[in-house]
Amino acid sequence: MQFLEFARICEHLEGISGRLDLIEQVSTVLPGLDDEELPIFVRFIMGRIFPDWSPKKLGVGPNLLYDAVAYVVGTKRSVVREAINAIGDAGLAIEDLLANKEQTSFFVQEMDLLEVYQDFERVAAAEGARSQREKLLLVRKLFANARPLEGRYLARLMLGELRIGMGEGNVRDAIARAFDIDVRLIEHAQGAMNDLGEVALLARRDPVALSQVTIEPFRPVKMMLAQAGTIAAQIEDHGEVAVEYKYDGSRFQFHKVGDLCRIYSRRLEEVTGSLPDIVMHLGKATDHDVILDGEVVAVQDGRPMPFQYVIRRFRRKHQVNAMMEKIEVVPRVFDILYLDGETLMDRPLIERRRILEEVLDDAHIAPQFLVRDAASAEAIYTEALDLGHEGVMVKVPSSPYTPGVRGRLWVKVKPGVETLDLAVIGAEWGEGRRAKMFGSFLLAVQDQGRLLPVGKVATGITDEVLADLYALLKDSVIARSGKEVTLEPKVVFEVGYSEIQASPNYESGYALRFPRFVGVREDKGVDEVETLDALVERYRQQNIRQGSGSPAP
C-alpha cells in the first residue's frame with residue numbers, strides 16, 4: 001500500500017461520524033493488505049507507530065517536526081508555527097504548507113507504508129549526542145517526499161493524535177469482521193500479545209491459534225484496572241469478595257526467567273535500572289519463572305509515604321544508589337499472570353492467589369481478606385486507612401485477569417473527593433505574576449482514539465507547581481491562539497470535582513463542576529485516561545444518588 005492511499009483512507013474516515021460505519025470501512029481494507037503491511041496499517045490507523053509493549057519511542061517533539069517542515073518548504077519555524085496557530089491543527093497547516101511547496105517541486109519519491117514505518121524505526125533508533133540531528137534529517141526526508149495529504153497524516157502520527165476516531169475497540173471489531181472471527185478471540189489474543197497489528201496477522205493466517213496465544217516474559221501486557229465503587233454494592237452483587245489494601249504507590253510488572261529479571265511500569269516502560277532493590281527482593285523470593293503484578297510503595301519507619309516519593313525512584317536513571325538511601329521502596333505483590341511457561345490470566349483470581357502464595361515468599365505478598373458481609377469489609381477499610389493506605393480494592397474471587405480493562409470485577413474504594421484522570425490537551429497563559437506560565441489547563445476524556453474536552457482546571461495549583469507544570473509542558477505546544485495554546489497530548493492530570501454536569505460548551509457533552517488539580521499522574525499514559533463511556537456512567541450514578549432522572553445528553 002502506498003502511503004498516499006493510507007492518507008486517503010484516513011481522510012475518508014475523518015468524515016465519518018458513525019462508529020459502525022468506521023468499523024465497516026476499515027474491515028474492507030484489511031483483507032487486501034499483505035503480511036508486512038497489515039500490522040503496520042493496524043497500528044497506524046489507531047494513531048500508533050510501535051506496539052504498545054515495545055520500548056521504541058519516536059522521540060519527535062513539535063519543535064523538531066516544525067523545523068523539518070520549515071526546511072522542506074523553504075521557510076522558518078516561526079512561519080510554520082504561525083500557520084498552525086491560524087488553523088489550530090498541525091496536520092491541516094502542514095498540508096497547506098506542502099501544497100505551496102509542491103508547486104515548485106518536480107521530483108517526489110513515492111512512499112509506501114513499509115518504507116514510512118522503516119523510517120520511523122530509524123528515527124526511534126537515533127541515539128547519542130547527534131541523535132536530534134539524525135532525527136531531523138530523517139523527518140526532513142519524509143516530508144520532502146510527502147504530498148500534501150500525506151503530510152497531514154505524517155504530522156499527526158508523529159504528534160500522536162490521528163483524529164479519525166479509530167480507537168482500539170473499533171479496530172478490534174474491524175479485525176473480527178474482516179476475517180469473520182468471534183471478537184472475543186481477538187480480545188483474548190490482544191490481552192496476551194498487546195499488539196493488535198500482530199493479532200490481525202494471526203487472525204488471517206491461523207484463526208484457531210488466537211485462542212492459544214499466551215503471554216511471554218519480557219513482553220509486558222497492560223495491567224487490569226479498577227472502577228470506583230462501593231463495598232456494599234460489590235457484596236450485594238457478588239456475595240463473597242476479596243478485599244485488599246489500596247496502596248498509594250506505583251503499579252509494576254515483574255518478569256523473571258532464570259536469573260534474568262526486569263521490571264515494567266504501568267506505562268509498560270522498563271524501569272529495572274531504577275529499582276535494583278525491588279529486583280533483588282523479588283529475584284530472591286521465588287525459584288520459578290514468573291510474571292507478577294503489584295505495587296511499589298515508599299516507606300519510612302514502616303509507614304507508607306505519598307506516591308510522589310515512589311515516582312522519584314521510577315524516574316531516577318542516574319545516581320540510583322544515592323536515591324535508594326533517601327527513599328526506601330518495597331514490593332507489594334497481589335497477582336500472578338504467568339508461571340513456568342503457563343499463562344494464568346484466564347484462571348479465577350482465587351486460584352491465581354493460591355498459586356502466588358505457593359511460589360512467592362510471603363513477605364512480599366499483599367494481604368488479602370475473603371469476606372461475605374459489609375461490616376467485615378468496612379473494618380478492613382478502616383484498618384487500611386489507619387495504616388496510611390488510600391483505601392481498599394474489592395475484587396470478585398472468580399474474576400479472570402483482563403489486561404487493560406477497567407471493569408467492575410475490581411473496584412477501588414477510598415474516601416474524599418471524586419477524581420478523574422484526564423489528558424491535558426491545552427492551556428491558557430496566566431495573568432499578573434503568572435503571566436509567563438500557564439494559568440489553566442484544558443482537560444479531555446478519550447473516546448475511541450479521540451480526545452474530547454471536558455473542562456478546564458486552574459484551582460489547587462501553587463505558583464511552585466505551576467512553574468513545574470510549565471517546564472513539563474512548554475515543549476509540547478503545538479499551536480497558539482491569543483492566550484490559548486494547544487498541547488501535544490502526553491501528560492495526565494488527576495483532577496477532583498464536585499459534580500459532573502451536562503454541558504453544550506464542550507465536545508464531550510459534559511463539564512466538571514469545581515474541578516481541582518490533585519497531581520500529575522506520571523505513571524499513566526494518555527491511553528489510560530477516563531473514557532467518555534465511563535464518564536457517562538459516573539454521571540448516571542451521580543443522578544441516581546441525587547434522585548435526579550436527568551438523562552445523559
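These numbers come from a predicted model, not from an experiment.
Using a 4.5 Å cut-off on side-chain heavy atoms (C-beta onward), Glu121 and Phe50 make contact. The shortest distance between side-chain heavy atoms of Asp447 and Glu507 does not fall below 4.5 Å. Side chains of Glu168 and Arg48 form a contact here, defined as non-hydrogen atoms less than 4.5 Å apart. When side chains are defined from C-beta on, Phe438 does not count as touching Leu469, because their heavy atoms never get closer than 4.5 Å. Between Gln190 and Arg172 the shortest side-chain heavy-atom distance does not fall below 4.5 Å. Looking at heavy atoms from C-beta onward, Tyr506 lies in side-chain contact with Leu442 at the 4.5 angstrom threshold. Under the 4.5 Å side-chain criterion, counting only non-hydrogen atoms from C-beta, Val457 is not in contact with Leu422. Phe44 has its side chain within reach of Tyr117: a pair of non-hydrogen atoms, C-beta onward, lies under 4.5 Å apart.
No donor-acceptor pair closer than 3.5 Å links the side chain of Gln253 to the backbone N or O of Ser265. The main-chain N or O of Pro453 is found under 3.5 Å from a side-chain atom of Ser508 such that the two form a donor-acceptor pair. Proximity of a side-chain donor or acceptor of Glu150 to a complementary backbone N or O of Arg147 within less than 3.5 Å is detected. Looking only at distances, no side-chain donor or acceptor of Asp52 sits under 3.5 Å from a matching main-chain atom of Asn194. Side chain of Asp293 to main chain of Leu337: no donor-acceptor pair is present (N/O by atom type, distance under 3.5 Å, no hydrogens or angles). In this structure, the side chain of Thr272 engages the main chain of Ile263 through a donor-acceptor pair within 3.5 Å. A donor-acceptor pair under 3.5 Å links the side-chain atoms of Thr531 to the main chain of Ala534, judged by distance alone. With hydrogens and angles ignored, the 3.5 Å screen pairs no side-chain donor or acceptor of Thr343 with any backbone N or O of Met345. Thr459 places a side-chain N or O within donor-acceptor distance of the main-chain N or O of Pro515, the cut-off being under 3.5 Å.
Classification of Glu537 and Arg406 as a salt-bridged pair fails, no side-chain N sitting under 4.0 Å from a carboxylate O. Ion pairing of Lys141 with Glu115 is absent here, as no side-chain N (NZ or NE/NH1/NH2) approaches a carboxylate O to less than 4.0 Å. The pair Glu431-Lys483 meets the salt-bridge criterion, with a side-chain N (NZ, NE, NH1 or NH2) lying under 4.0 Å from an Asp/Glu carboxylate O. The pair Arg266-Glu528 meets the salt-bridge criterion, with a side-chain N (NZ, NE, NH1 or NH2) lying under 4.0 Å from an Asp/Glu carboxylate O.
Ile175 contributes atom CD1, which lies 7.5 Å from atom CG of Leu38 (distance to the nearest 0.5 angstrom). Atom CE of Met111 sits about 9.0 Å away from atom CD of Gln2, to the nearest 0.5 Å. Note that CE of Met158 and CG of Leu142 are 5.0 Å apart. Values are rounded to the nearest 0.5 Å. Between Arg77 atom CZ and Leu64 atom CG the span is 9.0 Å, to the nearest 0.5 Å. The structure places NZ of Lys474 at 12.5 Å from CG of Leu487, a figure rounded to the nearest 0.5 Å. Atom CG of residue Leu154 and atom CG of residue Leu149 lie 10.0 Å apart, to the nearest 0.5 angstrom.
Residue Arg122 qualifies as enclosed at atom CZ: its count of foreign heavy atoms under 6.0 Å is above 12.
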Working for side chain to side chain contact (heavy atoms under 4.5 Å, CB included), residues Leu225 and Val405: CA-CA 6 Å; Leu225 306 173; Val405 174; over 6 Å; no
Leu65 vs Val69, side chain to side chain contact (heavy atoms under 4.5 Å, CB included): CA-CA, chis, key distance, verdict: CA-CA 6 Å; Leu65 190 149; Val69 172; 4.1 Å; yes
Intermediate values then yes/no, side chain to side chain contact (heavy atoms under 4.5 Å, CB included), Asp112 and Phe3: CA-CA 5 Å; Asp112 66 34; Phe3 191 76; over 6 Å; no
Side chain to side chain contact (heavy atoms under 4.5 Å, CB included) evaluation trace for Glu530 with Asp421: CA-CA 6 Å; Glu530 191 83 359; Asp421 293 325; 5.8 Å; no
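Between Ser250 and Asp523, the shortest heavy-atom distance links the atoms OG-CB, 3.6 Å. Nearest approach of Met166 to Val171, heavy atoms of both residues: CE-CG2, 3.7 Å. Counting all heavy atoms, side chain and backbone alike, Ile425 lies closest to Ala444 at CD1-CB, 3.7 Å. Counting all heavy atoms, side chain and backbone alike, Val73 lies closest to Thr75 at CG2-CG2, 3.3 Å. Between Cys261 and Val279, the shortest heavy-atom contact is CB-CG1, 3.8 Å. What you find for Met437 and Tyr470 is that their closest heavy atoms are CA-CD1, 4.2 Å.
Here the options are Val491, Leu473, Val495, the test is side-chain contact (heavy atoms from CB on, under 4.5 Å), and the partner is Phe441; only Leu473 passes. Leu420 pairs in a side-chain contact (heavy atoms from CB on, under 4.5 Å) with only one of the listed residues (Val529, Val454, Val518, Leu512), which is Leu512.
For the residue pair Arg538/Tyr510, the side-chain donor-acceptor check at 3.5 Å is not satisfied. Residues Glu464 and Thr462 have side chains that never bring a donor and an acceptor to within less than 3.5 angstrom of each other.
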Only pairs under 3.5 Å count here: list side-chain donor-acceptor contacts from residues 125-138, not counting sequence neighbours, and write none if there are none.
| unit_1 | atom_1 | unit_2 | atom_2 | d |
| --- | --- | --- | --- | --- |
| Ser131 | OG | Gly128 | O | 3.0 |
| Lys135 | NZ | Leu58 | O | 2.9 |
| Lys135 | NZ | Val123 | O | 2.6 |

Atom pairs and distances, donor-acceptor, side-chain atoms in residues 6-35, under 3.5 Å, two or more places apart:
| unit_1 | atom_1 | unit_2 | atom_2 | d |
| --- | --- | --- | --- | --- |
| His12 | NE2 | Gln25 | OE1 | 3.3 |
| Glu14 | OE1 | Arg152 | NH1 | 3.2 |
| Glu14 | OE1 | Tyr153 | OH | 2.5 |
| Glu14 | OE1 | Arg156 | NH1 | 3.0 |
| Glu14 | OE2 | Arg156 | NH1 | 3.0 |
| Glu14 | OE2 | Arg156 | NH2 | 3.3 |
| Arg19 | NE | Asn170 | OD1 | 2.7 |
| Arg19 | NH2 | Asp173 | OD2 | 2.5 |
| Glu24 | OE1 | Arg177 | NH1 | 2.7 |
| Ser27 | OG | Ile23 | O | 3.4 |
| Ser27 | OG | Glu24 | O | 2.7 |
| Thr28 | OG1 | Gln25 | O | 2.6 |
| Asp34 | OD1 | Glu36 | N | 3.0 |
| Asp34 | OD1 | Glu37 | N | 2.7 |
| Asp35 | OD1 | Arg204 | NH2 | 2.8 |
| Asp35 | OD2 | Arg205 | NE | 3.2 |
| Asp35 | OD2 | Arg205 | NH2 | 3.3 |

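Both the sub-6.0 Å distance and the 45° axial angle are not jointly satisfied by Arg81 relative to the ring of Tyr66.
Sorted by first and then second residue, the salt bridge (Lys or Arg N to Asp or Glu O under 4.0 Å) pairs involving residues 207-216 (not counting sequence neighbours) form an empty list.
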